[in-house]
Amino acid sequence: MFGYDLRYAHGAYVMSGGRTITSLPSTVVRVEASNGVVGWGETCPLGPAYLEAHAGGARAALRELAPELIGADVTTVNDVMDRALRGHGYAKSAIDIACWDALGRALDVPVSTLLGGVRAPDFPLYVAIPLGPVGDMVLRVREERAHGITRFQLKLGADPHADAERVREVVAEMNESEVVVADANGGWRLADAVIAARALEGLDRVYFEQPCPTLEECLAVRARTTLPMILDEVITDVRALLRASMEGVNLKLSRVGGLTRARLLRDLGVELGLRFTIEDSWGGDLTTAAVAHLAATTPPDALLMASFMNDWTLDHIAAYQPRSRDGRGAAPTGPGLGVDVDPDLLGSPLFSA
Ligand code: MG
């Protein structure tokens, strides 16, 4: 287990509730199989106040899990982890991803082949625009548009009237191929979410994301708006996905426990007619590679967008691969995750078993 810091590339990343991020500790795991094949995985919670997850928790859980993994089969590693430790899917995610990487390398195929085959050779990427004065947000959108980005997620949740203005100002800049996601990260009280939804009613190309903290509140908001809605933080497992029955889900690998469970939710959601944002809470090159493989194996009409978080962060441990191009991403084609970690950049392990 290794650690490194991931600095946000644009100063302060601001979400509702005064949550501000400038740098986050990321945790990387390296698994080595008995035949010498090595796999890598990463988990990076978005600070301690976003989900029930934090960097210290991931590292403590991985110390618990590591001894149990000795002699385990990479194809059934989740069974071993779930027997050893209840919950802590965000920690298990790094191991799960590393085992997919190892399996792909052992079989000499990309993880995308193992996840069902590439259906989207390339796909649109989004960029999150931190909460701030409307003028600053519009400027950031213009900057990203100039780099080919066509999907924008606006961080909201301050005041519903000001938030509606933020969305309107950005939508005014858009053309028909572009999409705006209004994401409050659960920051509105019910009344404020309804006020914001009413103010945005009728605006085309706007998705409403996770307006309130709980699924129950989000369902109440949904009953009062025609805006297509995406749920994010509250979709932690299959049962939540089935109860939600929304238009879309923001699927974050570490929130659901890694690629194995994310694939299950993705496949189920595709059958249910949902549309997905595929990404993780935060992360660098390894996280981006894992996201790219899941996104590429999603039918294009079910994939709203993905994020390449290694474009959002400054610190690269695998030569800044995969690399976005003109606002679009693609899965690496080499075996496993298809990116090569430079161990020298990670220093000494924090722990090994
Ligand atoms: Mg979100």
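Start at 1 with the first residue, then count along the sequence.
- Side-chain contact between I97 and L286 is absent, with no heavy atoms from C-beta onward closer than 4.5 Å.
- Between E247 and R222 there is a salt bridge, since a side-chain N of the basic residue sits under 4.0 Å from a carboxylate O of the acidic one.
- Side chain of D96 to main chain of T260: a donor-acceptor pair is present (N/O by atom type, distance under 3.5 Å, no hydrogens or angles).
- The two atoms that bring A12 and T22 nearest to each other are CA-CG2, 4.2 Å, heavy atoms only.
- Under the 30°/60° scheme for interplanar angles, the aromatic rings of H316 and Y320 are found to lie parallel.
- The CD1 atom of I70 lies 10.0 Å from the CD atom of E32; values are rounded to the nearest 0.5 Å.
- Closest approach of P160 and D192 over heavy atoms only: CB-O, 3.3 Å.
- The backbone N or O of G87 lies less than 3.5 Å from a partner atom in the side chain of K92, making a donor-acceptor pair.
- No side-chain heavy atom of F351 sits under 4.5 Å from any side-chain heavy atom of L62.
- With rounding to the nearest 0.5 Å, the separation of CE in M309 from SG in C44 is 9.5 Å.
- Within the model, atoms CE of M305 and OG1 of T150 stand 9.5 Å from one another, a figure rounded to the nearest 0.5 Å.
- Y4 and G284 make their closest contact through OH-CA, 3.7 Å (heavy atoms, listed as atom of the first residue, atom of the second, distance).
- Between Y8 and P130, the shortest heavy-atom distance links the atoms OH-CG, 3.4 Å.
- Of all heavy-atom pairs between P25 and R59, the closest is CB-NH2, 3.8 Å.
- For Q321, the CD atom counts as densely surrounded, since its 6.0 Å shell holds more than 12 non-hydrogen atoms of other residues, nucleotides or ligands.
- Placement of V179 and M229 within a single hydrophobic cluster is found when ILVMFWY residues are connected by side-chain heavy-atom separations under 4.5 Å, directly or transitively.
- In this structure, the side chains of P322 and P332 come closer than 4.5 Å at one or more pairs of heavy atoms.
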Report task. Would you sort out whether T287 and D280 count as a side chain to side chain donor-acceptor pair (under 3.5 Å), showing the intermediate values? Result -> CA-CA 7 Å; T287 293; D280 210 335; 4.6 Å; no

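- Judged by distance alone, the side chain of R266 and the main-chain N or O of I278 form no donor-acceptor pair under 3.5 Å.
- Judged by distance alone, the side chain of T313 and the main-chain N or O of L6 form no donor-acceptor pair under 3.5 Å.
- Here the side chains of T288 and D311 are not in contact, with every heavy-atom distance at 4.5 Å or above.
- If you run side-chain contact (heavy atoms from CB on, under 4.5 Å) between F208 and each of L156, L200, L231, only L200 comes through.
- Below 30°, between 30° and 60°, or above 60°: for F2 and W40 the angle between ring planes is between 30° and 60°, a tilted geometry.
- Hydrophobic clustering, with ILVMFWY side chains joined whenever heavy atoms are under 4.5 angstrom apart, groups V127 together with L24.
- Between F123 and F308, the angle of the ring planes goes over 60°, which puts this pair in the perpendicular group of the 30/60° scheme.
- Residues W282 and Y50 keep their aromatic ring centres 6.0 Å or farther apart.
- Note: the hydrophobic cluster containing L274 also contains L219 (ILVMFWY, side chain heavy atoms under 4.5 Å, direct or indirect links).
- Of the possible donor and acceptor atoms, none in the side chain of S93 sits under 3.5 Å from a partner among the backbone N and O of G89.
- A donor-acceptor pair under 3.5 Å links the side-chain atoms of D342 to the main chain of D344, judged by distance alone.
- Nearest heavy atom pair, residue A184 against residue P211, reads CB-O, 3.7 Å.
- The hydrophobic cluster containing V37 does not contain L69, counting ILVMFWY residues as joined when their side-chain heavy atoms lie under 4.5 angstrom apart, directly or transitively.
- M137 pairs in a side-chain contact (heavy atoms from CB on, under 4.5 Å) with only one of the listed residues (R166, E165, E169), which is R166.
- With salt bridges taken as basic N to acidic carboxylate O contacts below 4.0 Å, one links R105 and D101.
- Sparse packing is recorded around CZ of R224, with 12 or fewer heavy atoms of other residues, nucleotides or ligands lying under 6.0 Å away.
- Put simply, the side chain of S254 never gets that close to the backbone of T43: no donor and acceptor are under 3.5 Å apart.
- By the salt bridge (charged side-chain N to carboxylate O under 4.0 Å, His left out) test, E64 pairs with no residue at all, sequence neighbours left out.
- Residues L259 and L115 form a side-chain contact, since some pair of their non-hydrogen atoms from C-beta on lies under 4.5 Å apart.
- Under the 3.5 Å distance criterion, the side-chain polar atoms of D315 are matched with a main-chain donor or acceptor of R7.
- None of R205, R145, R151 except one satisfies the salt bridge (charged side-chain N to carboxylate O under 4.0 Å, His left out) rule with E178; the exception is R145.
- Between the side chain of E201 and the backbone N or O of T226 there is at least one donor-acceptor pair closer than 3.5 Å.
- For D285 (side chain) and V341 (main-chain N/O), no donor-acceptor pair under 3.5 Å exists by modelled atom type.
- Checked for salt-bridge contact, R243 and E216 meet the test: a charged N lies under 4.0 Å from a carboxylate O.
- Screening L215, I235, N250, D183 for a side-chain contact (heavy atoms from CB on, under 4.5 Å) involving Q210 leaves a single residue, D183.
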